[in-house]
Amino acid sequence: MELAKAYNPKEVETRRYDWWDKHGYFKPEAQKHIDPNEKPFVITIPPPNVTGTLHMGHALTLAIEDLMTRYARMKGARTLWVPGTDHAGIATQAIVEKKLEKAGKRRRDMSRSDFVEEVWEWKDYSHKVITEQCKAMGISADWQREAFTMDDDRSHAVMTAFKQLYDKGLIYRAKRMVNWDPVQLTGVSDLEVEVAEDGEPGHLWTIRYPIETNRWDGPQYEWGSGRWAEGATEWITVSTTRPETLLGDTCIAVNPEDDRYATRVACHAYVPCAARRIPIVADKHVDPNFGTGAVKVTPAHDFNDYDIGVRHHLPFVEVMDEHAKMNAEAGPYAGLDRYACRKHLVADLEKEGLLVKVEDYAVRLGRGQRSGAVIEPRISMQWFCNMQTMGKAAGDAVRNKQMSIVPERFEKTWFHWLDNIRDWCISRQLWWGHQIPVWYVSPEPSALSHQPNRPTQYCEVSEAAAYAKAVSDWGPEVQLLRDPDVLDTWFSSGLWPFSTLGWPDVNHPDYKAYYPNAMLETGYDIIFFWVARMVMLGIELTGKIPFDTVYLHGLIRTADGKKMSKSRPDKMIDPLELIDSYGTDAVRYFLVTAGTPGNDIKMDARKEGGKWRSDRMEGARNFANKLWNATRFVLTKVESEKWKAESVSAHSLPDRWILARLNQTIVEVRRLNDDYQYGEAGKLIYDFIWSDYCDWYLELSKLNLNAPVLVPVLDSALRLLHPFMPYVTEELWQALNEVKSAKAKVESENYPSLMLAPYPKADHETISTQPSALADMTLLQEVIRAIRNVRAEYKVPLEKRIPAILSAGAAATMLNEQREAIAMLARVDVTALTIADTLPAPDGCVTAALGEVTAYLPLAGLVDMAAERARLSGELELTSNLINRSEALLVSDFAKRAPPAVIDKERSKLAELIAKREQMQAQLAKM
RNA sequence: GGGGAUGUAGCUCAGUUGGUUAGAGCGUUGCGUUGACAUCGCAAAGGUCACAGGUUCGAGUCCUGUCAUUCCCA
């Protein structure tokens, strides 16, 4: 195979992905290398929402999960990655509604089925885009097992799950106060309400209510007449951020400890405008330090007030409708929007002399996660899921170490949330989603001959099943009406790790083979929305914790550290654009090495000429190219040399060194990968390939080529890197195998693809038997660097070959063996290279003292000896300082208390420094 | 109010269980191009590890407090 001069990702990626996919290599059934000691690795994709396209967060998720997956597969674990997408109820419905709006259509004018059909069309489009993007990222997921939260199998799982929980009494229907989104016209869960940390600019109105006395028993005049409160003599003053709700007030509350109001408790006040006579009650939850210490209580429109209302048996007066417009209860304000009402009401309060003051105030406003609308607490009939026992079980799973969370610190968040969990409002007044599988007998049973022990509602997995039951209870005439609500989208995602594997059919081969999953990997921002729900529902429904490990990655942030939000499209980065500029491997390498587990990643990307640029991705692209060219070099060399399959017994120093380094790297990379420290692992591979293999080993191989080392080391490096950079490594590995088999008739070990080949295993013997190779090579490198350093310092032209004298002590033999290497890499004249145990310094030379070795470079004609003297003196001083430090250390308590190994290390370091100092002193004395 | 995270070179970030000259990439400076790679090579400069205490023979690393930035929960 002829390789291009530079790596061109575009030429490789699509072709290579299709090739993997076509051969079925993503399927667990295709694996060639199974290590019985490895536990199966099963992971399910966090299903992207079919709301549009993927963003950087998805790219990060996919990069990490594919790394995990490819690594596990190469290690020999039976590996399955299930892909899929999420219908994302409320979010998708909002997008389609917006799209229809542009075409002048409104959901409310359409039939439910017509609208749902529109959403399915959008789903098909979005799904296609998302799938292509996932494939562009190179993910090795088994597409034949792809799932969608609303496909038939998943819908069946949802219906079954609902029924099981319903039958256990864990799902119930109740009229409760919920967070109501007046734009999307649905209740939402607590998690879907977002509150700005510092509140939003608003006002605090202070209003007085007239108190009933024996001289005044309520307003005599019309509201708005300016005389409404005429005759009142006593007042109670309250503060509120929401004056319009006073129309629904049913009491005023004060703290029982608050002496200011002791005489007021049990009195009655009159609600402005409504003229409703309401009690003043004492309730210990009232904060006496807020405002005047007295608060108005609107049980139908505020969560705290709702609780007070329940405690004091107050009436619940609703003054707003589902659109947050004032209803008939609001009297003169009926029909007005809540904010218009507020404006008019405040004006009227002023007119009636009831407005005491208005102050600026930061209001903690809850907003709908998807719509941004200000949430209105509202009493409505909803379905709830009881979370008490499930929450406890999910907490225990972590407490009992049956499931681990990485990084560990998220365990605190986990416990805190689960220990304070409240029931989950699972119904949504939407059209897109899983319709609740409950049917009501209709018309109302009272119209039939109602009997108390006949059920009037049926929860079944299908309409047919519901009718079957109803008919047997009520006779063939019975009519059923299905609950119109749909389920919270997270209900179906909560079943994801098992609904994708065939549940509720517990005999499904996938369920039996692959459940529970090994890993759940996702961003920490959905730990409650998704992870906790999967664990709770998984334990409850399957009796098993759905995965062993939860790995949480950080969030992608913009260059200025902000969250990448859809509200700022100018800051959004499209991963495909980056892939287009740098290639998938570079994007992936950046993403997995940019950060540490659980910590956010700041993108260094900036816009230049309309395109995103990233220095770090550029670096990663360069790395791919470096590897490409290194392989290209190896291939041309090996093709031109006589390839020998059998190993050469007499390995040179560089051979022994690179093998030892490779094995060290394998040990460390495996350890780091197993510990999820992918960033560090990636850097180690980078350094091994670039600094060790390319900069030193390949350079030295130009002198003396040993293909049986050169090629296998590269082969191992490609394997190590494959989970990080799948495309370029596969492409090069194929090219390498072609040469191997053509030259040596090597069966490429029966692995048709790098992704199916075994991950390198360390040969510990190579490391333990080669400490000398590592030490010798390090010394050789130091000698070469020292000479290069001097050359650069004195600007000796590159083409100038210089003489060198090495007084090398015990290293003389080794260095003599490497004289050609020294000559080549330090550009020394090999005929003028003298190496011996001890050699005197010649006149007029530059000295590089290395401790064991001293290099004398006779450069008299080329350098200013005064400058050399100054340089050497400077270096001497530095060395002397280090010696003083070291000597002081060794006579201190350090020598008594530190472990012997550490002391020995310090001693040998000191000895080396002293030798170095002597070399320099001798040289200076001579000059 | 409660709980996290972060603060290390000009920039973006590493830094395992404390071990004594704190690392990388990019950027900067100097030199370099007949071949694996200019998407490159060689060399250099650059850091009181936010601050103040403490523990220890020894602290970027452990403890306490302070400051700054930031996130989550209520």
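In what follows, chains are A, B, ... by sequence order, proteins preceding strands, each numbered from 1.
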Using a 4.0 Å heavy-atom cut-off across all strands, classify Leu882(A) as base, sugar-phosphate, or nothing.
base

Cationic tip of Arg533(A) within the cone over Trp424(A)'s six-membered ring, i.e. under 6.0 Å and within 45° of the normal?
yes

How do Phe623(A) and His416(A) order along RNA chain B: which one's closest nucleotide is nearer the 5' end?
Phe623(A)

Could you go through the side-chain hydrogen bond (donor to acceptor under 3.5 Å, both in side chains) check for Asn599(A) and Tyr524(A) one step at a time?
CA-CA 9 Å; Asn599(A) 287 337; Tyr524(A) 65 72; over 6 Å; no

For the side chain of Tyr686(A), starting at C-beta, report the closest nucleotide among G25(B), U39(B), U21(B).
G25(B)

base_contact_polar (U56(B) base, Arg897(A) side chain, donor-acceptor, <3.5 Å)
no

Which heavy atom in Ala762(A) sits nearest to a heavy atom in Val667(A), and how many Å separate them?
CB-CG2, 3.3 Å

Residue Lys909(A), side-chain heavy atoms: nucleotide from U20(B), U12(B), G19(B) that is nearest
U20(B)

Lys/Arg N to Asp/Glu carboxylate O, Arg827(A) vs Glu799(A), below 4.0 Å
no

If you find the nucleotide of RNA chain B closest to Glu799(A) and the one closest to Ile601(A), which residue's nucleotide is nearer the 5' end?
Ile601(A)

Phosphate OP1/OP2 of U20(B) contacted by Lys905(A) side-chain N/O (<4.0 Å)
yes

In Watson-Crick or G-U wobble terms, with both distances under 3.5 Å, the base opposite C67(B) is G7(B)

Please determine if a side-chain N or O atom of Lys5(A) lies less than 4.0 Å away from the OP1 or OP2 oxygen of G35(B).
no

Once hydrogens and angles are ignored, does a donor-acceptor distance under 3.5 Å link the base of C37(B) to the side chain of Lys626(A)?
yes

Write down the distance separating the P atoms in A36(B) and U48(B), rounded off to the nearest Å.
42 Å

